[in-house]
Amino acid sequence: YTELNNPMIQRERFREQTRQSIMGDDEAMDYDEDYCKALEYGLPPTAGWGLGIDRLCMWLTDSNTINEVLLFPQMRPIVNNNQ
């Protein structure tokens, strides 16, 4: 992934999301001038690669789905073995 660190482009995107919000888009972000101002002061180019523990466990155990390695039982589907 890469991070957008150009304040002019970010401002335009915030403006577009503000327009979308006015038109009823509940997921549009609010305009954040403080964030854009912070970008002006200088955010070095950022990029990275992320791997969650669950995906790492999938790879290490050769699992086909993430449900096979989830640690939280409330996120696992209920399996009825009585049928």
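Heavy atoms of other residues, nucleotides or ligands lying less than 6.0 angstrom from CD1 of Ile53 number 12 at most. Other residues, nucleotides and ligands place no more than 12 heavy atoms under 6.0 Å from the CD atom of Glu27. For Arg13, the CZ atom sits in a loose shell: 12 or fewer heavy atoms of surrounding residues, nucleotides or ligands are nearer than 6.0 Å.
Taken to the nearest 0.5 Å, the CG atom of Leu51 stands 9.5 Å off from the SG atom of Cys57. We find the CG-CD distance between Asp26 and Gln20 to be 12.0 Å, quoted to the nearest 0.5 Å. Arg15 CZ to Gln10 CD: the interatomic distance, rounded to the nearest 0.5 Å, is 10.5 Å. Atom CG in Asp25 sits 10.0 Å away from atom CD in Glu16 (nearest 0.5 Å). To the nearest 0.5 angstrom, Asn6 atom CG is 9.5 Å from Arg11 atom CZ.
A donor-acceptor pair is defined here as one N or O able to donate and one able to accept, closer than 3.5 Å; such a pair exists between the side chain of Thr18 and the backbone of Phe14.
Shown here for Thr65 and Met58, the closest heavy-atom pair between the two residues is C-CE, 3.7 Å. Between Cys36 and Pro7, the closest heavy-atom pair is O-CB, 3.7 Å. The shortest heavy-atom contact between Thr61 and Val69 is OG1-CG1, 3.7 Å.
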